[in-house]
Amino acid sequence: MINRELIRIKVVQLTYAYYQNGSKNIDTAEKELMFSLSKAYDMYNYLLALIVGITREARRHVEVAESKAKREGTPMPSTKFIYNRFALQLEQNKMLNEFMETQKKSWDDHPEFLKKIYIQITESQIYKDYMESADDDYLTDRELWRKIYRTLIQDNPDLDALLEEQSLYWNDDKEVVDTFVVKTIKRFEEKNSSNQELLPEYDSEEDKDYARKLFRATIMNGEEYQRYMSEASRNWDFSRLAYMDIVIMQIAIAEMMTFPSIPISVTINEYVELAKVYSTPRSAGYINGMLDAIAHHLVNSGRLMKMVR
């Protein structure tokens with residue numbers, strides 16, 4: 001699950017923090033980086049578990065409605081939502097249950113939030129269409145939760161506030177993690193039952209090494225990379241730059257120099273996108289031009305053996 005997009009985000013954040021704090025202990029900073037990445041995986045599992053939490057909340061509401069219907073002799077409520085095949089499969093998922101058993105967090109600790117989001121779901125057109133539809137199969141059930149997640153969970157201010165209270169590491173992670181949750185929902189197959197595999201913590205061991213190598217190269221060769229910036233730009237004045245711009249370019253140069261298999265164009269595009277989020281409005285265009293100039297300079301001087309776009 002932790003891919004290079006998320007790793008780049010975390011390296012930008014942790015490199016900036018490294019230079020801002022006073023300790024400058026690279027081993028401690030690296031541990032913080034890896035811990036921060038692991039917390040993103042925690043959030044992934046926690047958000048999947050939210051679907052289970054909402055389903056259990058729905059059961060409580062249905063049980064109350066059933067008791068009332070029996071007392072008053074009125075029609076019994078529909079149980080279609082609480083017997084949603086995808087939600088039941090997720091509730092029984094071995095990987096999710098094993099993970100959640102190791103955590104101190106549980107959605108049962110947030111009954112008011114569960115109640116509120118359940119009501120929001122039942123008032124949505126997505127829910128109403130599902131309950132009125134004659135379609136009754138696994139794919140329909142799974143699609144319901146994909147739609148609910150994308151429309152009512154993915155952009156939910158109450159959920160964002162709750163997550164932020166629980167972990168400072170989750171402030172900037174949710175948008176990326178949401179894409180992995182939706183991807184996981186789409187990957188579920190009924191035949192896999194409780195053995196359906198969730199996404200692993202890292203896409204590969206190579207990506208885990210990539211995180212460590214990128215961070216260490218950025219810090220340990222920082223002065224050298226800033227010299228490359230100066231060589232590629234005459235009359236360079238660091239004092240006129242946003243500090244985050246320097247950090248982003250330094251990391252981009254580290255990636256260019258450390259990972260031969262990553263094309264220069266990919267590196268530049270990735271860090272230009274990060275500049276749009278983490279630096280000033282003018283930074284993206286400036287960083288794009290500067291990284292292109294730096295790449296050409298390094299290739300022409302024989303220090304970088306790659307093709308420039």
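Quick caveat: nothing in here was measured; it's all calculated off a predicted structure. Values below: every heavy atom of this structure, side chains too, minus hydrogens, waters and symmetry copies.
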* Do the non-hydrogen side-chain atoms of Gln120 and Asp158 ever get within less than 4.5 Å of each other? -> yes
Can you confirm if the NZ or CZ of Lys213 lies within 45° of the ring axis of Phe259 and under 6.0 Å from the centre of its six-membered ring? no
Side-chain H-bond candidate by donor/acceptor type, Tyr243 with Gln20, under 3.5 Å: no
Tested for salt bridge (Lys or Arg N to Asp or Glu O under 4.0 Å) against Arg212, the lone hit among Glu205, Glu30, Glu206 is Glu30
TODO: Mind telling me whether Tyr138 and Phe86 have parallel, tilted or perpendicular rings, with 30° and 60° as the class edges?
DONE: perpendicular
- Query: Okay, side chain of Lys94, backbone of Glu197: is any donor-acceptor separation there less than 3.5 Å?
  - Reply: no
Are the side chains of Lys10 and Asp173 in contact, using a 4.5 Å heavy-atom criterion? yes
Checklist line | Parallel, tilted or perpendicular: rings of Tyr118 and Phe81 (30°, 60°) | finding: tilted
Practice task
Would you mind checking if Arg146 and Glu143 are paired as a salt bridge, meaning a charged N to carboxylate O distance below 4.0 Å?
Solution key: yes
| query | Just by distance, with hydrogens left out, do Asp178 and Tyr149 show a side-chain donor and acceptor under 3.5 Å apart? | reply | yes
**Message:** When you measure from the side chain of Thr55 to the backbone of Ile51, do you find a donor-acceptor pair of N or O atoms at a distance under 3.5 Å?
**Reply:** yes
Have Thr280 and Tyr286 got a donor and an acceptor in their side chains that come within less than 3.5 Å? no
(Q) We want to know whether Tyr169 and Glu32 form a side-chain donor-acceptor pair, criterion being a heavy-atom distance below 3.5 angstrom. (A) yes
Of Asp207, Ile2, Leu14, the one forming a side-chain contact (heavy atoms from CB on, under 4.5 Å) with Leu37 is Ile2
Item to complete: Could you tell me whether Arg303 and Glu224 have a side-chain N and a carboxylate O separated by less than 4.0 Å?
Response: no
**Asked** Are a donor atom and an acceptor atom from the side chains of Asp135 and Tyr130 found within less than 3.5 Å of each other?
**Response** no
- Indicate the ring-plane relationship of Tyr228 and Tyr225, choosing parallel, tilted or perpendicular according to the 30° and 60° boundaries. tilted
Taking the side chain as C-beta and beyond, is there a heavy-atom pair between Tyr210 and Arg8 under 4.5 Å?
yes
**Asked** Would you say Gln103 has more than 12 foreign heavy atoms packed within less than 6.0 Å of its CD?
**Response** yes
Exercise. Is the shortest heavy-atom distance from the side chain of Arg59 to the side chain of Arg56 under 4.5 Å?
Worked result: yes
*With no hydrogens and no angle check, is any side-chain donor or acceptor of Tyr18 less than 3.5 Å from a backbone partner on Phe215?*
no
